[in-house]
Amino acid sequence: VLSPVIPELALLVSGTPGTLSLAQGMVGWGPPKAVAEAVAQAVRHAAAAATPGALGAGASLDRYGAVAGDPELLAAIAASFTEHHSLDLQASTLMATAGSNMAFHAIAQAICDSGSEVILPLPHYFNHVMAIQLAGGRPVTVDAGLIPDPGRLAAAITPRTRAIVTVSPNNPSGAVMPRPVLEAINALCAHHGLLHIADEAYALFVHGREPHWSPGSLPGSGAHTVTLQTLSKAYGMAGWRLGCMAAPRQLAEALAKVQDTVLICPPRLMQRAALAALRAGPAWCAPRIRALRHRRRQLLDAVALARQEGLPVRLLAEPDGAFYGLLAVEPGRWPGESRAAGPSGAAGHGLALMRRLVLEHRVATIAGECFGLEGGVGGLPVGGAALRISYGLLSASELEEALRRLFCGVRALLRQRSEQ
Ligand SMILES: Cc1ncc(COP(=O)(O)O)c(C=O)c1O
(Lines give C-alpha, C1' and ligand atoms only; values in the text may rest on other atoms or scores of the structure.)
Protein backbone atom coordinates (compact mmCIF):
# COMPACT_ATOMS: atom_id res chain seq x y z
CA VAL A 1 0.00 0.00 0.00
CA LEU A 2 1.25 3.47 -0.97
CA SER A 3 3.00 5.34 1.86
CA PRO A 4 1.83 8.95 1.94
CA VAL A 5 4.56 11.59 2.11
CA ILE A 6 2.54 13.83 4.45
CA PRO A 7 3.88 12.32 7.73
CA GLU A 8 7.46 12.74 6.42
CA LEU A 9 6.68 16.32 5.45
CA ALA A 10 5.22 16.97 8.92
CA LEU A 11 8.51 15.73 10.45
CA LEU A 12 10.56 18.00 8.19
CA VAL A 13 8.34 20.97 9.10
CA SER A 14 8.49 20.29 12.86
CA GLY A 15 12.29 20.11 12.58
CA THR A 16 12.40 23.46 10.74
CA PRO A 17 10.90 26.07 13.13
CA GLY A 18 9.13 29.03 11.54
CA THR A 19 8.08 27.11 8.42
CA LEU A 20 4.94 28.52 6.79
CA SER A 21 2.59 25.87 5.46
CA LEU A 22 1.11 25.98 1.99
CA ALA A 23 0.67 22.23 2.42
CA GLN A 24 -2.33 21.68 4.65
CA GLY A 25 -5.71 20.99 3.05
CA MET A 26 -7.72 22.93 5.59
CA VAL A 27 -9.41 26.29 5.99
CA GLY A 28 -8.56 28.88 8.64
CA TRP A 29 -12.01 29.07 10.21
CA GLY A 30 -13.78 26.89 12.79
CA PRO A 31 -17.39 25.65 12.86
CA PRO A 32 -20.56 27.72 13.26
CA LYS A 33 -21.25 28.85 16.86
CA ALA A 34 -24.37 26.69 16.87
CA VAL A 35 -22.12 23.61 16.72
CA ALA A 36 -20.42 24.33 20.06
CA GLU A 37 -23.82 25.16 21.59
CA ALA A 38 -25.39 21.92 20.31
CA VAL A 39 -22.48 19.87 21.68
CA ALA A 40 -22.55 21.63 25.08
CA GLN A 41 -26.28 21.07 25.33
CA ALA A 42 -25.98 17.41 24.36
CA VAL A 43 -23.25 16.88 26.98
CA ARG A 44 -25.29 18.65 29.68
CA HIS A 45 -28.32 16.48 28.90
CA ALA A 46 -26.21 13.35 28.87
CA ALA A 47 -24.76 14.21 32.30
CA ALA A 48 -28.22 14.98 33.72
CA ALA A 49 -29.61 11.73 32.39
CA ALA A 50 -26.64 9.59 33.40
CA THR A 51 -28.46 7.50 35.96
CA PRO A 52 -28.39 3.75 35.56
CA GLY A 53 -31.09 2.57 33.22
CA ALA A 54 -32.27 6.10 32.39
CA LEU A 55 -33.86 6.55 28.99
CA GLY A 56 -34.30 9.63 26.84
CA ALA A 57 -32.40 11.70 24.34
CA GLY A 58 -29.48 12.50 26.69
CA ALA A 59 -28.91 8.94 27.83
CA SER A 60 -29.11 7.60 24.29
CA LEU A 61 -25.92 9.50 23.36
CA ASP A 62 -24.03 7.11 25.62
CA ARG A 63 -25.23 4.10 23.72
CA TYR A 64 -24.55 2.65 20.30
CA GLY A 65 -26.76 4.14 17.64
CA ALA A 66 -28.00 3.15 14.20
CA VAL A 67 -25.19 1.87 11.94
CA ALA A 68 -25.75 4.40 9.13
CA GLY A 69 -26.32 7.30 11.52
CA ASP A 70 -29.16 8.70 13.61
CA PRO A 71 -32.39 9.27 11.64
CA GLU A 72 -32.40 13.00 12.45
CA LEU A 73 -28.93 13.47 10.93
CA LEU A 74 -29.72 11.29 7.90
CA ALA A 75 -32.82 13.41 7.27
CA ALA A 76 -30.69 16.58 7.41
CA ILE A 77 -28.14 15.03 5.01
CA ALA A 78 -30.97 14.08 2.61
CA ALA A 79 -32.31 17.64 2.78
CA SER A 80 -28.85 19.10 2.18
CA PHE A 81 -28.18 16.75 -0.78
CA THR A 82 -31.51 17.49 -2.43
CA GLU A 83 -31.88 21.23 -1.65
CA HIS A 84 -28.31 22.35 -2.26
CA HIS A 85 -27.03 19.81 -4.80
CA SER A 86 -30.28 18.59 -6.44
CA LEU A 87 -29.33 14.91 -5.96
CA ASP A 88 -31.87 12.33 -7.11
CA LEU A 89 -31.98 10.06 -4.06
CA GLN A 90 -34.78 7.75 -5.32
CA ALA A 91 -32.40 4.79 -5.67
CA SER A 92 -29.93 5.81 -2.93
CA THR A 93 -29.06 4.86 0.59
CA LEU A 94 -27.45 7.42 2.92
CA MET A 95 -24.67 6.88 5.42
CA ALA A 96 -22.87 9.21 7.83
CA THR A 97 -19.25 8.27 8.56
CA ALA A 98 -16.24 9.53 10.52
CA GLY A 99 -15.07 11.70 7.59
CA SER A 100 -15.67 11.14 3.90
CA ASN A 101 -12.41 9.18 3.61
CA MET A 102 -14.11 6.52 5.69
CA ALA A 103 -17.06 6.57 3.29
CA PHE A 104 -14.68 6.02 0.36
CA HIS A 105 -13.01 3.20 2.30
CA ALA A 106 -16.40 1.54 2.88
CA ILE A 107 -17.28 1.79 -0.82
CA ALA A 108 -13.89 0.34 -1.80
CA GLN A 109 -14.41 -2.57 0.61
CA ALA A 110 -17.92 -3.11 -0.74
CA ILE A 111 -17.01 -3.21 -4.45
CA CYS A 112 -13.47 -4.63 -4.63
CA ASP A 113 -12.48 -8.26 -4.70
CA SER A 114 -8.87 -9.22 -5.19
CA GLY A 115 -7.76 -7.74 -8.53
CA SER A 116 -10.80 -5.48 -9.03
CA GLU A 117 -9.85 -2.28 -10.82
CA VAL A 118 -10.89 1.26 -10.00
CA ILE A 119 -10.06 4.02 -12.47
CA LEU A 120 -8.51 7.15 -10.98
CA PRO A 121 -7.91 10.05 -13.38
CA LEU A 122 -4.59 11.78 -12.69
CA PRO A 123 -3.87 13.66 -10.55
CA HIS A 124 -5.44 11.39 -7.93
CA TYR A 125 -6.10 11.87 -4.22
CA PHE A 126 -3.62 9.59 -2.44
CA ASN A 127 -6.09 8.26 0.14
CA HIS A 128 -8.24 6.93 -2.71
CA VAL A 129 -5.27 4.89 -3.93
CA MET A 130 -4.63 3.55 -0.44
CA ALA A 131 -8.29 2.64 0.23
CA ILE A 132 -8.50 0.67 -3.03
CA GLN A 133 -5.23 -1.13 -2.24
CA LEU A 134 -6.38 -1.91 1.32
CA ALA A 135 -9.52 -3.47 -0.17
CA GLY A 136 -7.38 -5.75 -2.37
CA GLY A 137 -8.21 -3.77 -5.51
CA ARG A 138 -5.94 -2.24 -8.10
CA PRO A 139 -5.98 1.53 -8.66
CA VAL A 140 -5.69 2.17 -12.39
CA THR A 141 -4.37 5.69 -12.84
CA VAL A 142 -5.17 7.30 -16.17
CA ASP A 143 -3.55 10.40 -17.61
CA ALA A 144 -6.67 11.78 -19.25
CA GLY A 145 -5.95 15.50 -18.75
CA LEU A 146 -6.63 17.67 -15.72
CA ILE A 147 -10.19 17.98 -17.01
CA PRO A 148 -10.43 14.26 -17.83
CA ASP A 149 -11.26 13.24 -21.37
CA PRO A 150 -14.03 10.61 -20.99
CA GLY A 151 -12.75 8.80 -24.11
CA ARG A 152 -9.37 8.19 -22.47
CA LEU A 153 -11.08 6.90 -19.33
CA ALA A 154 -13.25 4.60 -21.48
CA ALA A 155 -10.11 3.13 -23.04
CA ALA A 156 -8.95 2.00 -19.57
CA ILE A 157 -12.12 -0.01 -18.82
CA THR A 158 -11.59 -3.79 -18.59
CA PRO A 159 -13.82 -6.66 -17.43
CA ARG A 160 -12.30 -6.15 -13.96
CA THR A 161 -13.23 -2.45 -13.70
CA ARG A 162 -15.68 -1.64 -10.91
CA ALA A 163 -15.74 2.16 -10.75
CA ILE A 164 -14.45 5.50 -12.03
CA VAL A 165 -13.63 8.20 -9.47
CA THR A 166 -13.90 11.94 -10.09
CA VAL A 167 -12.86 14.71 -7.69
CA SER A 168 -14.46 18.05 -8.59
CA PRO A 169 -13.57 20.70 -7.51
CA ASN A 170 -10.22 18.99 -7.65
CA ASN A 171 -7.55 18.28 -5.07
CA PRO A 172 -4.74 19.03 -6.01
CA SER A 173 -5.33 21.14 -9.15
CA GLY A 174 -8.27 23.33 -8.10
CA ALA A 175 -9.92 22.56 -11.47
CA VAL A 176 -13.72 22.45 -11.58
CA MET A 177 -14.97 19.83 -14.03
CA PRO A 178 -17.63 21.10 -16.44
CA ARG A 179 -21.02 19.41 -16.36
CA PRO A 180 -20.75 17.85 -19.87
CA VAL A 181 -17.53 16.06 -18.82
CA LEU A 182 -19.05 14.67 -15.63
CA GLU A 183 -22.24 13.78 -17.50
CA ALA A 184 -20.23 11.83 -20.09
CA ILE A 185 -18.31 9.95 -17.37
CA ASN A 186 -21.56 9.18 -15.58
CA ALA A 187 -23.11 7.85 -18.82
CA LEU A 188 -19.97 5.75 -19.40
CA CYS A 189 -20.39 4.20 -15.96
CA ALA A 190 -24.09 3.49 -16.55
CA HIS A 191 -23.31 1.90 -19.92
CA HIS A 192 -20.57 -0.41 -18.56
CA GLY A 193 -22.30 -1.26 -15.26
CA LEU A 194 -19.72 0.67 -13.20
CA LEU A 195 -20.06 2.97 -10.23
CA HIS A 196 -19.30 6.65 -10.69
CA ILE A 197 -17.77 7.74 -7.36
CA ALA A 198 -17.98 11.54 -7.17
CA ASP A 199 -15.85 12.96 -4.35
CA GLU A 200 -17.36 16.37 -3.69
CA ALA A 201 -15.38 17.39 -0.59
CA TYR A 202 -15.00 20.90 -2.07
CA ALA A 203 -18.53 21.25 -3.53
CA LEU A 204 -19.07 24.69 -2.01
CA PHE A 205 -15.65 26.05 -3.04
CA VAL A 206 -16.09 27.56 -6.49
CA HIS A 207 -14.48 30.87 -7.38
CA GLY A 208 -14.69 31.12 -11.17
CA ARG A 209 -17.35 30.93 -13.87
CA GLU A 210 -17.69 27.12 -13.80
CA PRO A 211 -20.30 26.12 -11.21
CA HIS A 212 -20.02 22.91 -9.19
CA TRP A 213 -22.29 20.21 -10.56
CA SER A 214 -23.13 16.84 -8.97
CA PRO A 215 -23.49 13.89 -11.36
CA GLY A 216 -25.86 12.39 -8.76
CA SER A 217 -28.36 15.09 -9.76
CA LEU A 218 -29.06 13.39 -13.10
CA PRO A 219 -32.51 11.77 -12.90
CA GLY A 220 -32.07 8.05 -12.26
CA SER A 221 -28.30 8.28 -11.69
CA GLY A 222 -28.55 7.26 -8.02
CA ALA A 223 -28.54 3.57 -9.04
CA HIS A 224 -24.89 3.82 -10.22
CA THR A 225 -23.55 6.98 -8.53
CA VAL A 226 -21.86 7.53 -5.17
CA THR A 227 -21.68 11.10 -3.88
CA LEU A 228 -19.23 11.85 -1.06
CA GLN A 229 -19.39 15.05 0.95
CA THR A 230 -17.87 16.25 4.21
CA LEU A 231 -18.09 18.89 6.93
CA SER A 232 -14.27 19.01 7.10
CA LYS A 233 -13.72 21.81 4.61
CA ALA A 234 -16.61 24.27 4.22
CA TYR A 235 -17.62 24.10 7.89
CA GLY A 236 -14.06 24.16 9.23
CA MET A 237 -14.55 20.81 11.01
CA ALA A 238 -11.66 18.70 9.71
CA GLY A 239 -10.79 17.42 13.19
CA TRP A 240 -14.40 16.65 14.11
CA ARG A 241 -14.51 13.78 11.57
CA LEU A 242 -17.93 13.80 10.03
CA GLY A 243 -18.61 12.97 6.39
CA CYS A 244 -21.45 11.39 4.49
CA MET A 245 -22.42 9.64 1.27
CA ALA A 246 -25.29 8.77 -0.98
CA ALA A 247 -24.76 5.34 -2.60
CA PRO A 248 -26.85 2.92 -4.67
CA ARG A 249 -29.36 1.19 -2.42
CA GLN A 250 -28.20 -2.28 -3.51
CA LEU A 251 -24.91 -1.54 -1.67
CA ALA A 252 -26.65 -0.70 1.63
CA GLU A 253 -26.14 -4.14 3.18
CA ALA A 254 -22.45 -4.37 2.23
CA LEU A 255 -21.79 -0.81 3.43
CA ALA A 256 -23.52 -1.55 6.73
CA LYS A 257 -21.27 -4.61 7.22
CA VAL A 258 -18.14 -2.49 6.74
CA GLN A 259 -19.35 0.32 8.98
CA ASP A 260 -20.60 -2.07 11.67
CA THR A 261 -17.17 -3.74 11.69
CA VAL A 262 -15.00 -0.64 11.88
CA LEU A 263 -17.14 2.03 13.55
CA ILE A 264 -20.43 0.42 14.74
CA CYS A 265 -22.04 3.83 14.35
CA PRO A 266 -20.78 7.36 13.67
CA PRO A 267 -19.77 9.01 17.01
CA ARG A 268 -23.10 10.26 18.29
CA LEU A 269 -21.89 13.50 19.83
CA MET A 270 -20.34 14.42 16.48
CA GLN A 271 -23.66 13.66 14.82
CA ARG A 272 -25.25 16.38 16.98
CA ALA A 273 -22.47 18.71 15.90
CA ALA A 274 -23.03 17.83 12.24
CA LEU A 275 -26.75 18.43 12.55
CA ALA A 276 -26.13 21.94 13.90
CA ALA A 277 -23.61 22.64 11.10
CA LEU A 278 -25.99 21.46 8.38
CA ARG A 279 -28.71 23.67 9.85
CA ALA A 280 -26.36 26.65 9.52
CA GLY A 281 -25.92 25.46 5.91
CA PRO A 282 -24.12 26.82 2.85
CA ALA A 283 -25.39 30.35 3.66
CA TRP A 284 -23.06 30.30 6.69
CA CYS A 285 -20.13 29.00 4.61
CA ALA A 286 -20.60 31.37 1.65
CA PRO A 287 -19.03 34.60 3.03
CA ARG A 288 -16.07 32.64 4.42
CA ILE A 289 -15.48 30.91 1.09
CA ARG A 290 -15.91 34.25 -0.73
CA ALA A 291 -13.19 35.73 1.48
CA LEU A 292 -10.79 33.06 0.14
CA ARG A 293 -10.97 34.69 -3.28
CA HIS A 294 -8.57 37.36 -2.10
CA ARG A 295 -6.05 34.62 -1.17
CA ARG A 296 -6.58 32.98 -4.55
CA ARG A 297 -5.86 36.34 -6.18
CA GLN A 298 -2.65 36.58 -4.11
CA LEU A 299 -1.57 33.22 -5.52
CA LEU A 300 -2.40 34.20 -9.12
CA ASP A 301 -0.60 37.56 -8.73
CA ALA A 302 2.47 35.92 -7.20
CA VAL A 303 2.69 33.39 -10.07
CA ALA A 304 2.23 36.18 -12.65
CA LEU A 305 4.96 38.27 -11.02
CA ALA A 306 7.36 35.30 -10.84
CA ARG A 307 6.78 34.67 -14.56
CA GLN A 308 7.37 38.34 -15.39
CA GLU A 309 10.66 38.05 -13.56
CA GLY A 310 11.59 35.14 -15.79
CA LEU A 311 10.92 32.18 -13.45
CA PRO A 312 9.83 29.15 -15.51
CA VAL A 313 6.67 28.46 -13.50
CA ARG A 314 2.95 28.20 -14.31
CA LEU A 315 -0.25 26.80 -12.88
CA LEU A 316 -1.23 23.54 -14.58
CA ALA A 317 -4.98 24.28 -14.33
CA GLU A 318 -7.24 27.26 -13.67
CA PRO A 319 -7.61 27.17 -9.86
CA ASP A 320 -11.34 27.85 -9.99
CA GLY A 321 -12.32 25.60 -7.12
CA ALA A 322 -11.25 24.17 -3.74
CA PHE A 323 -8.31 26.20 -2.36
CA TYR A 324 -5.44 24.71 -4.29
CA GLY A 325 -3.20 25.59 -7.20
CA LEU A 326 -0.86 23.14 -8.91
CA LEU A 327 2.43 24.83 -9.74
CA ALA A 328 4.65 23.43 -12.49
CA VAL A 329 8.38 24.22 -12.47
CA GLU A 330 10.38 23.70 -15.65
CA PRO A 331 12.45 20.57 -16.32
CA GLY A 332 15.91 20.09 -14.90
CA ARG A 333 17.90 18.12 -12.35
CA TRP A 334 17.28 19.40 -8.83
CA PRO A 335 20.12 19.51 -6.33
CA GLY A 336 19.75 16.61 -3.89
CA GLU A 337 17.17 14.83 -6.00
CA SER A 338 19.14 11.60 -6.07
CA ARG A 339 18.20 11.19 -2.37
CA ALA A 340 14.51 11.76 -3.04
CA ALA A 341 12.48 8.61 -3.47
CA GLY A 342 8.85 9.01 -4.53
CA PRO A 343 5.93 6.97 -3.20
CA SER A 344 6.64 4.48 -5.97
CA GLY A 345 10.29 4.33 -4.91
CA ALA A 346 11.37 6.38 -7.96
CA ALA A 347 13.38 9.59 -7.67
CA GLY A 348 11.11 12.63 -7.94
CA HIS A 349 11.87 16.21 -8.94
CA GLY A 350 8.85 17.51 -7.02
CA LEU A 351 9.86 15.59 -3.88
CA ALA A 352 13.40 16.97 -4.04
CA LEU A 353 12.08 20.48 -4.50
CA MET A 354 9.49 20.07 -1.71
CA ARG A 355 12.15 18.93 0.78
CA ARG A 356 14.63 21.67 -0.06
CA LEU A 357 11.98 24.38 0.09
CA VAL A 358 11.23 23.38 3.69
CA LEU A 359 14.82 22.89 4.84
CA GLU A 360 16.35 25.93 3.13
CA HIS A 361 13.44 28.35 2.65
CA ARG A 362 10.97 27.44 5.43
CA VAL A 363 7.94 27.00 3.22
CA ALA A 364 5.98 23.74 2.92
CA THR A 365 4.11 22.53 -0.18
CA ILE A 366 3.20 19.01 -1.35
CA ALA A 367 5.04 17.39 -4.24
CA GLY A 368 3.09 16.39 -7.33
CA GLU A 369 4.34 12.80 -6.95
CA CYS A 370 1.96 12.42 -3.98
CA PHE A 371 -0.90 12.85 -6.49
CA GLY A 372 0.66 10.62 -9.14
CA LEU A 373 2.17 13.56 -11.06
CA GLU A 374 5.67 12.98 -12.30
CA GLY A 375 7.34 14.56 -15.31
CA GLY A 376 5.62 13.58 -18.55
CA VAL A 377 2.24 13.13 -16.84
CA GLY A 378 -0.73 15.50 -16.46
CA GLY A 379 0.72 18.19 -18.71
CA LEU A 380 3.98 18.32 -16.72
CA PRO A 381 6.97 18.19 -19.09
CA VAL A 382 9.45 15.34 -18.68
CA GLY A 383 11.89 16.38 -15.95
CA GLY A 384 9.48 19.00 -14.59
CA ALA A 385 8.37 19.29 -10.98
CA ALA A 386 4.89 19.97 -9.61
CA LEU A 387 3.94 21.38 -6.21
CA ARG A 388 0.46 21.65 -4.69
CA ILE A 389 -0.11 24.99 -3.05
CA SER A 390 -2.95 25.36 -0.54
CA TYR A 391 -4.11 28.89 0.22
CA GLY A 392 -6.89 27.83 2.61
CA LEU A 393 -5.25 28.12 5.98
CA LEU A 394 -2.91 31.11 6.14
CA SER A 395 -3.89 34.73 6.82
CA ALA A 396 -3.36 37.23 3.97
CA SER A 397 -0.05 38.47 5.41
CA GLU A 398 1.23 34.94 6.13
CA LEU A 399 0.29 33.89 2.61
CA GLU A 400 2.14 36.89 1.18
CA GLU A 401 5.27 35.85 3.08
CA ALA A 402 4.87 32.15 2.22
CA LEU A 403 4.57 32.92 -1.49
CA ARG A 404 7.59 35.25 -1.30
CA ARG A 405 9.62 32.42 0.29
CA LEU A 406 8.33 29.92 -2.26
CA PHE A 407 9.38 31.90 -5.33
CA CYS A 408 12.66 33.11 -3.74
CA GLY A 409 13.36 29.47 -2.95
CA VAL A 410 12.54 28.23 -6.45
CA ARG A 411 14.72 31.02 -7.92
CA ALA A 412 17.66 30.17 -5.62
CA LEU A 413 17.41 26.45 -6.34
CA LEU A 414 17.18 27.06 -10.08
CA ARG A 415 20.29 29.26 -9.88
CA GLN A 416 22.17 26.52 -8.00
CA ARG A 417 21.05 24.05 -10.63
CA SER A 418 22.33 26.13 -13.51
CA GLU A 419 25.68 26.58 -11.70
CA GLN A 420 26.11 22.84 -11.22
C1 LIG B 1 -10.74 15.00 -2.35
C2 LIG B 1 -10.78 14.77 -0.88
N3 LIG B 1 -11.64 13.86 -0.39
C4 LIG B 1 -11.71 13.62 0.92
C5 LIG B 1 -10.91 14.29 1.82
C6 LIG B 1 -10.98 13.96 3.26
O7 LIG B 1 -12.19 14.39 3.80
P8 LIG B 1 -12.63 13.97 5.27
O9 LIG B 1 -11.96 14.90 6.21
O10 LIG B 1 -14.12 14.15 5.24
O11 LIG B 1 -12.23 12.56 5.49
C12 LIG B 1 -10.01 15.25 1.36
C13 LIG B 1 -9.12 15.94 2.30
O14 LIG B 1 -8.15 16.59 1.96
C15 LIG B 1 -9.95 15.49 -0.02
O16 LIG B 1 -9.09 16.38 -0.53
Side-chain angles (χ1 to χ4, degrees), residues 4-7 9-10 21-31 69 73 77 80-81 95-108 118 120-132 134 139 141 146 148 163-177 182 196-206 212 214-215 226-246 259 262-263 266-267 270-271 273-274 277-278 285 317 319 321-326 364-366 368 370-373 388-393:
V5 164
I6 312 296
L9 179 65
S21 178
L22 295 170
Q24 284 171 294
M26 286 185 286
V27 295
W29 61 83
L73 176 62
I77 291 169
S80 168
F81 274 159
M95 195 159 99
T97 53
S100 61
N101 269 2
M102 184 169 261
F104 188 94
H105 166 81
I107 281 287
V118 177
L120 301 176
L122 284 167
H124 55 55
Y125 172 51
F126 38 80
N127 286 137
H128 290 166
V129 176
M130 295 161 76
I132 295 160
L134 284 170
T141 54
L146 294 195
I164 300 178
V165 179
T166 54
V167 181
S168 180
N170 190 259
N171 174 13
S173 74
V176 179
M177 291 171 199
L182 290 167
H196 181 177
I197 306 176
D199 186 329
E200 303 185 357
Y202 303 94
L204 298 181
F205 293 82
V206 281
H212 166 71
S214 296
V226 174
T227 304
L228 304 172
Q229 291 200 4
T230 178
L231 299 180
S232 292
K233 313 290 178 178
Y235 295 90
M237 296 174 71
W240 294 66
R241 309 310 299 134
L242 214 303
C244 55
M245 82 174 133
Q259 176 119 309
V262 298
L263 194 60
M270 293 307 117
Q271 294 193 55
L278 289 176
C285 308
F323 36 79
Y324 304 120
L326 195 52
T365 55
I366 300 187
C370 301
F371 307 94
L373 280 189
R388 188 193 78 175
I389 296 168
S390 167
Y391 58 85
L393 192 58

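This structure is a prediction, so every number in the text was calculated from the model and none was measured. Atoms within a ligand are numbered from 1 in the order they appear, just like the ligands themselves. Because only heavy atoms are used, hydrogens play no part in the values below, and waters and symmetry mates are left out as well, while side chains stay in.
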[atom] [closest protein heavy-atom partner, distance rounded to 0.1 Å]:
| atom | result |
| --- | --- |
| atom 3 (N) of ligand 1 | D199 OD2, 2.7 Å |
| atom 13 (C) of ligand 1 | K233 NZ, 2.9 Å |
| atom 11 (O) of ligand 1 | R241 NH2, 2.8 Å |
| atom 12 (C) of ligand 1 | Y125 OH, 3.2 Å |

Going by heavy atoms in the side chains, are V176 and P169 under 4.5 Å from each other?
yes
Output yes when the distance from some N or O of ligand 1 to some N or O of Y324 is under 3.5 Å, and no in every other case.
no
Any nitrogen or oxygen of N171, side chain or backbone, less than 3.5 Å from one on ligand 1?
yes
Might you point out which heavy atoms bring [X] and [Y] nearest each other, and give the distance in Å?
| X | Y | value |
| --- | --- | --- |
| L146 | M177 | O-CE, 4.2 Å |
| Q271 | L73 | OE1-CD2, 3.7 Å |
| S100 | Q229 | CB-O, 3.5 Å |

Considering the heavy atoms of [X], write down every atom of ligand 1 situated less than 4.0 Å from one of them.
| X | answer |
| --- | --- |
| V167 | 1 (C) |
| T230 | 8 (P), 10 (O) |
| S232 | 8 (P), 9 (O), 10 (O) |
| G99 | 10 (O), 11 (O) |

Nearest 0.5 Å please: distance from the CG atom of N101 over to the OG1 atom of T230.
8.5 Å
Side-chain (S168) to main-chain (N170) donor-acceptor, under 3.5 angstrom:
no
Answer yes if the ring centres of F371 and Y125 are under 6.0 angstrom apart, and no otherwise.
no
Determine whether the aromatic ring centres of residues Y202 and Y324 are separated by less than 6.0 angstrom.
yes
Counting only heavy atoms, which portion of [X] has something under 4.0 Å from ligand 1: side chain, backbone, both, or neither?
| X | value |
| --- | --- |
| N101 | both |
| S100 | both |
| Y202 | side chain |

Could you tell me how the ring of Y391 sits relative to the ring of F323: parallel (under 30°), tilted (30 to 60°) or perpendicular (over 60°)?
perpendicular
